[in-house]
There are 2 protein chains.
Amino acid sequence: MKITVLTESELRKCVTLDQESLAAVAEGFSYLSKGKATVPPVMRILVPERRGEVDVKSAYIRGPESFAIKIASGFSKNLDLGLQKSSGMMILISSQTGFPKAVLFDNGYLTQVRTGAAGALAADFLARKNIETVGVIGSGTQARYQMRALKLVREFVRLLVYGIVSKEVECYAEEMSTSLDVEVVIAGKAETVVRESDAVVTTTPSREP
Amino acid sequence: MKITVLTESELRKCVTLDQESLAAVAEGFSYLSKGKATVPPVMRILVPERRGEVDVKSAYIRGPESFAIKIASGFSKNLDLGLQKSSGMMILISSQTGFPKAVLFDNGYLTQVRTGAAGALAADFLARKNIETVGVIGSGTQARYQMRALKLVREFVRLLVYGIVSKEVECYAEEMSTSLDVEVVIAGKAETVVRESDAVVTTTPSREP
């Protein structure tokens with residue numbers, strides 16, 4: 001049995017946040033809405049000693065030649081060790097034989113792309129066609145992916161950002177103004193972002209401002 | 001991140017059905033009975049077009065440095081293609097960080113060893129100490145592993161076997177008489193096996209004789 005093994009750097013060369021990945025995620029949602037996707041409940045394994053959890057997710061769609069099983073972990077205590085909190089990998093299974101076809105050591109990269117694409121698709125269906133200012137609450141990895149993805153569907157010129165760690169927000173603003181070629185303005189509070197933007201994306205698990 | 005990848009042939013050199021694997025499986029049951037194992041429900045993905053299913057199983061035990069996530073598949077229509085029905089692999093996850101540590105392409109081998117060991121443990125606790133004749137219903141892979149495992153805990157000298165495919169049963173009898181150094185007798189019906197044995201193991205999903 002031949003099994004393809006791909007590392008994160010190889011996957012970054014194959015898959016990027018572009019119209020092609022947007023179309024792939026849209027196709028997935030389309031299968032789901034037509035009742036053609038079988039999505040079993042998430043398997044969650046808790047590791048309380050390390051404030052950790054491992055989630056296993058999958059879905060089967062009739063038609064494509066394979067489907068994936070994803071293993072994603074988040075261990076909060078990794079940060080104390082100077083390690084990244086999250087990790088992830090995927091296994092590609094043949095829909096014909098059930099045999100494993102590939103192991104993708106994406107380290108969570110494909111999840112970031114998928115999540116960004118899903119946000120942009122929602123905005124494409126729900127937001128006004130012509131918008132000038134978009135807002136983002138949060139300044140982490142998804143705040144980057146969401147805005148890069150949104151730029152694929154809306155030609156905004158100004159980005160308002162609010163985050164709680166000022167150094168990270170400054171870093172975010174500098175990076176995004178260059179990569180998206182838009183004016184980035186740091187807001188003093190979350191409310192400002194919401195009041196002054198044509199579309200807002202939240203990229204934080206926080207439940208309070 | 002360094003990840004160990006092991007193939008079936010490498011794993012067969014590391015792990016065999018012996019007292020060590022029996023002790024490992026016993027330790028797992030012991031954790032479970034003490035309430036120290038967290039076992040999430042099995043994730044089952046059905047692929048009806050191929051009469052297939054993929055099961056994802058895992059369990060976390062506080063203490064050991066890692067835990068496994070197992071992906072096991074069985075696609076009945078593989079037999080029509082001349083392929084084996086089952087496949088399997090495991091991912092070893094660090095209990096400290098949640099990072100993947102190893103991928104075991106065991107192709108179901110470790111499951112066979114584990115299942116055999118679990119059968120022998122049950123027999124060791126429940127069967128009489130001195131037995132002469134053991135019986136097995138079924139003549140497939142588990143019929144082999146169960147008897148090999150049972151031999152680790154009971155010194156039987158005679159093996160009665162019943163199976164529905166006579167050619168397979170003959171093959172089984174020849175193989176086991178050599179490998180276990182016992183007399184193997186083919187029974188004409190399942191009832192004979194049960195009536196004439198001191199301990200019986202069933203290795204079939206069949207619900208009727």
Side-chain angles (χ1 to χ4, degrees), chain A residues 1-3 5 7-8 38-63 66-79 81 83-91 93-101 103 105-108, chain B residues 1-3 5 7-8 38-63 66-79 81 83-91 93-101 103 105-108:
Chain A
M1 193 186 305
K2 195 169 164 282
I3 296 170
V5 176
T7 63
E8 182 184 351
T38 310
V39 188
V42 173
M43 173 186 277
R44 177 160 294 171
I45 305 145
L46 296 175
V47 181
E49 298 76 36
R50 307 290 306 161
R51 294 212 341 261
E53 73 178 60
V54 178
D55 284 345
V56 184
K57 300 178 182 180
S58 185
Y60 167 69
I61 295 172
R62 185 176 176 162
S66 51
F67 63 95
I69 295 172
K70 179 170 96 168
I71 299 172
S73 67
F75 277 49
S76 293
K77 287 197 177 176
N78 282 1
L79 303 173
L81 304 173
L83 296 171
Q84 64 179 35
K85 182 182 165 188
S86 302
S87 183
M89 61 178 286
M90 296 189 195
I91 322 289
I93 306 279
S94 164
S95 298
Q96 288 299 300
T97 62
F99 295 167
K101 289 173 66 177
V103 181
F105 290 114
D106 72 318
N107 205 20
Chain B
M1 193 186 305
K2 193 170 164 286
I3 297 170
V5 176
T7 63
E8 182 184 351
T38 310
V39 187
V42 172
M43 172 186 277
R44 178 159 295 172
I45 305 144
L46 295 175
V47 180
E49 297 77 35
R50 305 291 305 161
R51 294 211 341 259
E53 73 178 60
V54 179
D55 284 345
V56 184
K57 299 179 182 180
S58 184
Y60 167 68
I61 294 173
R62 183 175 178 164
S66 51
F67 63 96
I69 296 173
K70 180 171 96 172
I71 299 172
S73 67
F75 278 47
S76 292
K77 288 198 177 176
N78 283 1
L79 303 174
L81 304 172
L83 297 171
Q84 63 179 36
K85 181 182 165 189
S86 304
S87 182
M89 59 178 286
M90 296 191 194
I91 322 288
I93 305 280
S94 164
S95 299
Q96 288 298 301
T97 62
F99 295 167
K101 290 174 65 178
V103 181
F105 290 115
D106 73 318
N107 205 20

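Each chain gets a letter, A, B and so on, in the order its sequence line appears, and its residues count up from 1. Since we're looking at a predicted model, the values are computed, not measured.
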Heavy-atom closest pair, residues B:S87 and A:P100: OG-CD, 3.4 Å

Top of A:I69, A:L46, A:V42, A:V54 for chain B proximity - count of heavy-atom pairs under 4.5 angstrom: A:I69

pair B:Q96-A:F75: side-chain heavy atoms closer than 4.5 Å: no

Chain A interface, residue from B:V56, B:T7, B:V5 that has the most non-hydrogen pairs under 4.5 Å: B:V56

Value rounded to 0.5 Å, distance of OG in A:S94 from CG in B:N78: 8.0 Å

Region of A:V39 in contact with chain B, defined by heavy-atom distances below 4.5 Å: neither

When B:A59, B:G52, B:S58 are compared by non-hydrogen pairs under 4.5 Å with chain A, the top option: B:S58

Rounded distance [0.5 Å steps], CG in B:L81 versus OG1 in A:T97: 8.5 Å

Least distance between heavy atoms, B:S86 atom then A:F99 atom: O-CE2, 4.0 Å

A:S76 portion near chain B, given a 4.5 angstrom heavy-atom threshold: neither

Side chain, backbone, both or neither of B:V47 within contact of chain A (heavy atoms, under 4.5 Å): both

Neighbour count >12 (heavy atoms, 6.0 Å) for atom NZ, B:K101: yes

Contact class of A:M43 relative to chain B, heavy atoms under 4.5 angstrom: both

Verdict with reasoning, B:M89 to A:I3, per side-chain contact (heavy atoms from CB on, under 4.5 Å): CA-CA 12 Å; B:M89 59 178 286; A:I3 296 170; 5.9 Å; no

